[in-house]
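Worksheet for the structure shown next.
Below, read A as the first sequence line, B as the second, and so on, with proteins coming before strands; counting in each chain starts at 1. Below, each value reflects all heavy atoms present in this structure, side chains not excepted, and no hydrogens, waters or symmetry copies.
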Number of protein chains: 2
Amino acid sequence: MSKIDDVAKKANVSKGTVSNVFSGKRPISEKVKNQVLEAAKELNYTPSHIARSLVTKKTMTISLNIPYSKNLPLSNFHINLINGVIMEASSHNYRILIDTLSRENLELQYMSREAVDGVILLDPRENDSRMKYLLDFNIPFVIIGQPSEEYIAQSIYVDNNNKELAKNITSFLINKGHRNILYLNAPLSMTVSTIRQNGFFKAFNDAQVNPNNSKVVFKDSLDIDPSLYGYNKVKEFFSKNRDGYTAIIADTDKVGLGASRALKELDLAVPEDVSLLALSDDLVLSHELAPPLSTVDLKGSELGSEAVRLLFAQLGIGNYKKIQTKIVEGKFNIRGSIHTAKE
Amino acid sequence: MSKIDDVAKKANVSKGTVSNVFSGKRPISEKVKNQVLEAAKELNYTPSHIARSLVTKKTMTISLNIPYSKNLPLSNFHINLINGVIMEASSHNYRILIDTLSRENLELQYMSREAVDGVILLDPRENDSRMKYLLDFNIPFVIIGQPSEEYIAQSIYVDNNNKELAKNITSFLINKGHRNILYLNAPLSMTVSTIRQNGFFKAFNDAQVNPNNSKVVFKDSLDIDPSLYGYNKVKEFFSKNRDGYTAIIADTDKVGLGASRALKELDLAVPEDVSLLALSDDLVLSHELAPPLSTVDLKGSELGSEAVRLLFAQLGIGNYKKIQTKIVEGKFNIRGSIHTAKE
DNA sequence: TTTTGTTGTTAAACCGGTTTAACGAAATGG
DNA sequence: CCATTTCGTTAAACCGGTTTAACAACAAAA
């Protein structure tokens, strides 16, 4: 691969001039510019991204940090999110480095710092060690989701209006006459779960309605299959007390699907016997089911692109306003799976 | 950010020694090693990935090139594939750079070559300009899918046994008495579509059965919504001649879902009136539908990890055998959506 | 005419590491 | 005991660009 010196020699100019032709940072006369480009073409030369990065300290790359485990592959929500990130980033010629290494187990000593300009952090957890790492090394970052209390003041983040969303769908069910609602929530280790729990109970509070047996259940561990989680919990809570609950709020449509399967086995009809809805439609086809599942569209793609914008604002790229927090409103899609409560 | 010279000074050694402590390329005495590590810890030093790459010519990064458009977001099949790529790559500390820029429109002149050790190419097309680019610049690459004739001799690729799969499911339907089968294929611009078409007709040939009205339809364009494609084609072909076709093979389960919706509207029952199956289960929940959709699991995750292995073999990383082609066998999952042909 | 400003170009320093060649000290061997 | 390896360390060169400071050439201003 030919280098800048080769081009400089061939075009009879200095390497500085060649550099300026390609970076466009200083004006070069038409005549010299053409000489250089011609020489470059003949030598099949293109500038080395890495050598350039070394001195400019810009990598034109942002890292998308996804905590990843074998049992917890990417969901459709993630895909939408990644799609949003890619779209916005590539509009400024930025590229995405998928980073799945959790910093937890790595010895800092032997780790080399990443070659990225900034980081987008997915699925923040309580006591998330990634945050400490990024703050320590002064790497600009944006979180998608709710940072834990400890770090919230120092972090820039994009999130859904989760409390409100949980409140709204619960209120909707309350208005339909439901009083005993089972909420199959995300695991406690995910920051979002307690926020949604608060929204859930706020709905009862605002409506001045007694929550009766309404209950929030948390997924035991991140590794459990979501569908199985829904299935098992419904079997557990509906076998004991068949008439107790008249509605289920599932964390994701996968959980909802498992719940639906369990209900079918228990001979309970959706929505006649039990109303069912889910907070995230990871599967994009909820509406093709029978009955179509009511879900909340969390606008993954928007979350992704907004996160990139917040990061670009920090990096001084483009013309984005530097803000601390951006809330993306989810959209509640009411479909056939909801019914007024049975007497 | 402290650099290698700072550490060297503090530890009273040369930078070369510090370098060797971190890279482990030459033995260093226990005593000196500890001095260096201690100094590094105090200075919060970690080696710069970029400076290292500049001289080693290794970026520890592979690019995953996905042709991308606003109307054609990542599917679940892609996700599985990406998951496989991530798993295998990260096992050797390699990272993934998502690259969505198609080289088509970029002026080569102003483009800097990528900072990656190798490339994995998704969704190869006929006349795919990316291939020429990679060959020109001598960048190691592996294709997932079938390269076009033009490049097949020069390319290393991973693919499903597509012809055989198409043949097998068609044979299966023929054995069940089906004679008029509608095959809703991928667009012609995707190399896989003609290969599967060949498999489809080979099944009739092998069984010495007349294909009658059996027909292969190609998706007009990549941009059409798959579900709509299935819906429209079924409406078109089943309205004209309600008794013609007794089975449908859909390209993906999304297409199948659209087909299923159309059949319902036409008052045709699956599987009693029409058997339905799909070649790729992008949605992971085909089996939760009623009736469960028969699909072929294309093993996206395996395709991804095999591709990385073939690339690593080229790059001399790990201990993988250098081979030209790896075929990953899909798995045909027979579920409720297939029935013997109606008289 | 001299001074000041502008434009285009260059040589040299620099970015932060790795690698090479050389070398002294300690270990091995005859 | 001296010659030969081996081991650990270092100074200097290098990777392929960008940036700085200096300067020549020419135009505009005084």
Rounded to whole Å, how long is the line connecting atom [atom1] of [X] with atom [atom2] of [N]?
X: B:K33; N: D:dT9; atom1: NZ; atom2: C1'; answer: 15 Å
X: B:N20; N: C:dT19; atom1: CG; atom2: P; answer: 8 Å
X: A:M60; N: D:dG17; atom1: CE; atom2: P; answer: 17 Å
X: A:K25; N: D:dT20; atom1: NZ; atom2: C1'; answer: 13 Å
X: A:I4; N: D:dG16; atom1: CD1; atom2: P; answer: 11 Å
X: B:D6; N: C:dG16; atom1: CG; atom2: C1'; answer: 10 Å
X: B:I28; N: C:dT19; atom1: CD1; atom2: C1'; answer: 13 Å
X: A:K9; N: C:dT10; atom1: NZ; atom2: P; answer: 15 Å

Assign [X] to base, sugar-phosphate, or nothing according to its heavy-atom contacts below 4.0 angstrom with the strands shown.
X: B:V18; result: nothing
X: A:S29; result: sugar-phosphate
X: A:K57; result: sugar-phosphate
X: B:L54; result: base
X: A:K15; result: base
X: A:V13; result: sugar-phosphate

Between CD1 on residue A:I143 and CD1 on residue A:I152, distance to nearest 0.5 Å: 8.5 Å
Inspect the contact between B:D136 and B:K132 and indicate whether a charged nitrogen and a carboxylate oxygen are less than 4.0 angstrom apart.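 Salt bridge: yes.
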Taking only Lys NZ, Arg NE, NH1 and NH2, and the carboxylate oxygens of Asp or Glu, determine whether A:K41 and A:E38 approach each other closer than 4.0 Å.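 The answer is no: the pair does not qualify as a salt bridge.
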So does A:T17 get a side-chain nitrogen or oxygen closer than 4.0 Å to the phosphate oxygens (OP1/OP2) of C:dT10? yes
Looking at D:dT10, I'd like to know if its phosphate oxygens (OP1 or OP2) sit under 4.0 Å from a side-chain N or O belonging to B:S14. yes
Is it the case that C:dT7 (base atoms only) and A:R26 (side chain only) share a donor and an acceptor within less than 3.5 Å, ignoring hydrogens and angles? no
Starting at the 5' end of DNA chain D, which residue's closest nucleotide do you reach first, B:A51 or B:N12? B:N12
Is the distance between the ring centroids of A:F141 and A:Y151 under 6.0 Å?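 No, ring centres 6.0 Å or more apart.
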I'd like to check the side-chain contact (heavy atoms from CB on, under 4.5 Å) partners of A:K299; sequence neighbours left out, ordered by chain and number.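 Expected list: A:D297, A:E302, A:V328, A:K331.
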Assign each of A:P27 and B:S23 to its nearest nucleotide of DNA chain C by heavy atoms, then name whichever residue's nucleotide is nearer the 5' end.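 Its nearest nucleotide being more 5', the pick is A:P27.
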